[in-house]
Amino acid sequence: MRCFWVLLLMSASMGAQTFQAGAARREITPREPVPMWGYGDRHDALSQGTLDPLYADALVIDAGGTRLAIVGLDLGRAPAEPSLLRIRARIEKETGIRHSFIAGSHTHHGPVLEFTEVEGKGKGRFDATLRYYREMESAIAEAVIEANRRLQPARIAAGAKQLEGLNANRHSKLEPKPRDREMAVLRLDTLEGKPLAVLVNWAAHPTTIPSETLKFSADYVGALKRTVSEAMGAAPVFIQGAAGDLRTERAGKDYVAYGEALGAEAVKLAQSLTPKPVEKPALLMREERFRFKARTDLKNPLVRMMYEQAFFPELVRHYEDEYADGVRPWLTVGLLNGEIALVGASGEFFSNHAVRLRERARVETLFFFGYCNGYHQYFPTIEGAAEGGYGADAQVAIAEVGAGEEMMNRALLWLFEMRGRLRGAK
């Protein structure tokens, strides 16, 4: 009997030192006409078909027995909180995975995600969208569940490079304009050296298709992922960065050509990396919900009327409920194998938030995941808010000025704590 327990403990100890990865995909394109997310001038106009399909791309990592799901969605934002909670609950129930980054690419050609099963807030008028939510939630969870089933021993490499001429600041009029030029790539191979998954992190608004086009599309992200998949033979995952003040930059290029050009850069970076076995796999995770004062009072009838004219009533009522008790964004931070930082935030963060966090964190590679685990509008930098303009004014940057800096400071503290550089800081 003693020998049995010794062998069992040895097996558990060996299992705890493994590093594994698995990937899977599910389509999440709505099958019925529904309102589209992203452009106010559409109001509640229904979709009229599909340019290219929308996907949920899931990557599951097991580092020393702690598992993490990273899900890139061809949606304008992460699912609204009721959907997000149901997705996470099912994932944990069926896989045991407690930690996740579930992020939208921010395409402006996906469906509205803010309706609820309440009269005047979706029910009765947009029942097709409510049916879609259940389908979407199931597909996202199933992608993670399948990726978890596909876990296998893996090698890993991460790297980043600066790209010129592919994004630009769309907000500031001051020089030099802030810009995050860094593309980061996480490459995972099987132990035999076959590419298993490639995660691409880049910041630029996917708004390259006109708002008048009422067809679903992943925008440039679809072409990027296709390029990576075809060249690498690996599952592609795209996560949008701190793109609040960044647009695409590529004169004379449509969204497919831009995505292919960006994908080619991701392929070159991925091919330059040499994934290695992990000697001491480890994953540390922390998550916290913040609460900030709201700069805009949607309970004010005049303010609400203005928003309803700019968008449409059912959507505005969601945000009225969302911000009734202040702005409550999520911050999720992970440290993988002691050297790769993963930072997710539920909003449109201005690019300098990511640039400065990367400079201060002093890790090998830092991935900044915007539009992640929820959506709480724009988070400009303090100087961005002082300059004003779209993305910085209170109409769309609802959280109090300085909220983004507070969240980034917390992420920085956690990353130093995770590496044993600080203890008990908050």
Side-chain angles (χ1 to χ4, degrees), residues 21 23-29 50-59 70-76 103-110 143 156-168 179-189 194-209 216-243 246-275 351 354 365 367-371:
R25 163 180 278 193
R26 289 289 187 278
E27 186 173 343
I28 53 172
T29 315
T50 301
L51 289 177
D52 51 270
L54 312 179
Y55 290 104
D57 294 295
L59 170 64
I70 302 173
V71 186
L73 304 171
D74 293 329
L75 298 172
S105 68
H106 200 48
T107 176
H108 283 43
H109 281 75
I156 187 172
K161 67 177 178 181
Q162 300 288 309
L163 300 180
E164 292 296 335
L166 287 169
N167 65 3
R179 180 154 53 113
D180 185 1
R181 300 174 177 86
E182 183 161 302
M183 171 185 281
V185 163
L186 186 71
R187 174 176 169 175
L188 296 141
D189 286 8
K194 179 181 178 181
L196 190 156
V198 175
L199 185 154
V200 181
N201 187 205
W202 171 253
H205 256 70
T207 52
T208 56
I209 303 172
F216 293 118
S217 173
D219 204 287
Y220 72 77
V221 175
L224 181 155
K225 290 191 292 185
R226 185 175 64 253
T227 300
V228 170
S229 178
E230 291 175 354
M232 299 294 298
V237 181
F238 176 85
I239 307 289
Q240 184 64 254
L246 298 182
R247 61 173 173 80
T248 60
E249 174 92 334
R250 193 79 173 183
K253 298 287 185 179
D254 64 14
Y255 73 99
V256 174
Y258 176 85
E260 290 173 345
L262 197 59
E265 295 290 348
V267 168
K268 285 191 287 186
L269 176 54
Q271 290 176 337
S272 73
L273 302 175
T274 304
S351 57
T365 310
F367 293 82
F368 187 96
F369 300 159
Y371 314 87

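Everything numeric in this text was worked out from a predicted model, so none of it was measured.
Remark: the backbone N or O of Val221 is not paired with any side-chain donor or acceptor of Asp219 at under 3.5 angstrom. Asp74 places no side-chain N or O within donor-acceptor distance of the main-chain N or O of Thr107, the cut-off being under 3.5 Å. In terms of modelled atom types and a separation under 3.5 Å, the side chain of Glu260 and the main chain of Leu224 share no donor-acceptor contact.
Residues that satisfy the salt bridge (Lys or Arg N to Asp or Glu O under 4.0 Å) test with Glu265, not counting sequence neighbours, are Lys161, Lys268. Looking at residues two or more places apart in sequence or on another chain, you find a salt bridge (Lys or Arg N to Asp or Glu O under 4.0 Å) between Asp57 and Arg25, Lys225. Annotation: side-chain hydrogen bond (donor to acceptor under 3.5 Å, both in side chains) contacts of Ser217 (sequence neighbours excluded): Asp52. Scored by the side-chain hydrogen bond (donor to acceptor under 3.5 Å, both in side chains) test, Arg226 finds no partners at all (sequence neighbours excluded). A search for salt bridge (Lys or Arg N to Asp or Glu O under 4.0 Å) contacts involving Arg26 returns Glu142, Glu146, not counting sequence neighbours. Scanning for ring-ring contact (aromatic ring centres under 6.0 Å, His included) contacts around Phe369 gives Phe101, with sequence neighbours left out.
Looking at heavy atoms from C-beta onward, Asp189 lies in side-chain contact with Pro195 at the 4.5 angstrom threshold. Two residues are said to be in side-chain contact when any heavy atoms from C-beta on lie closer than 4.5 Å; Glu249 and Glu164 fail this criterion. By the 4.5 Å heavy-atom criterion applied to side chains, Met183 and Leu262 are counted as neighbours.
Separation of atoms CG (Leu273) and CZ (Arg187) is listed at 7.0 Å; rounding is to 0.5 Å. Taking CD of Glu27 as the reference point, atom OH of Tyr55 lies at 5.0 Å (rounded to 0.5 Å). Expressed to the nearest 0.5 Å, how far CD of Gln240 lies from CG of Leu246 amounts to 8.5 Å. Atoms CG and CD1, on Leu73 and Ile28 in that order, are 5.0 Å from each other to the nearest 0.5 Å.
Under the side chain to side chain donor-acceptor pair (under 3.5 Å) test applied with His205, the options His108, His106, Arg247 reduce to a single match, His106. Just one of Tyr255, Trp202, Tyr258 meets the ring-ring contact (aromatic ring centres under 6.0 Å, His included) condition when paired with Tyr220; it is Tyr258.
Pairing each heavy atom of Ala264 with each of Thr227, the nearest pair is N-CG2, 3.8 Å. The two residues Ala266 and Val185 make their nearest non-hydrogen contact at O-CG2, 4.2 Å. Of all heavy-atom pairs between Asn167 and Ala204, the closest is CB-CB, 4.1 Å. Between Pro53 and Ala218, the shortest heavy-atom distance links the atoms O-CB, 4.3 Å. Minimum heavy-atom separation, Gly110 to Phe216: C-CE2, 3.7 Å. Across all non-hydrogen atoms, the minimal contact from Val237 to Gly72 is CG1-N, 4.0 Å.
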Checklist entry - Stepwise, does the side-chain contact (heavy atoms from CB on, under 4.5 Å) test hold for Phe367 with Leu199? => result CA-CA 10 Å; Phe367 293 82; Leu199 185 154; 3.9 Å; yes
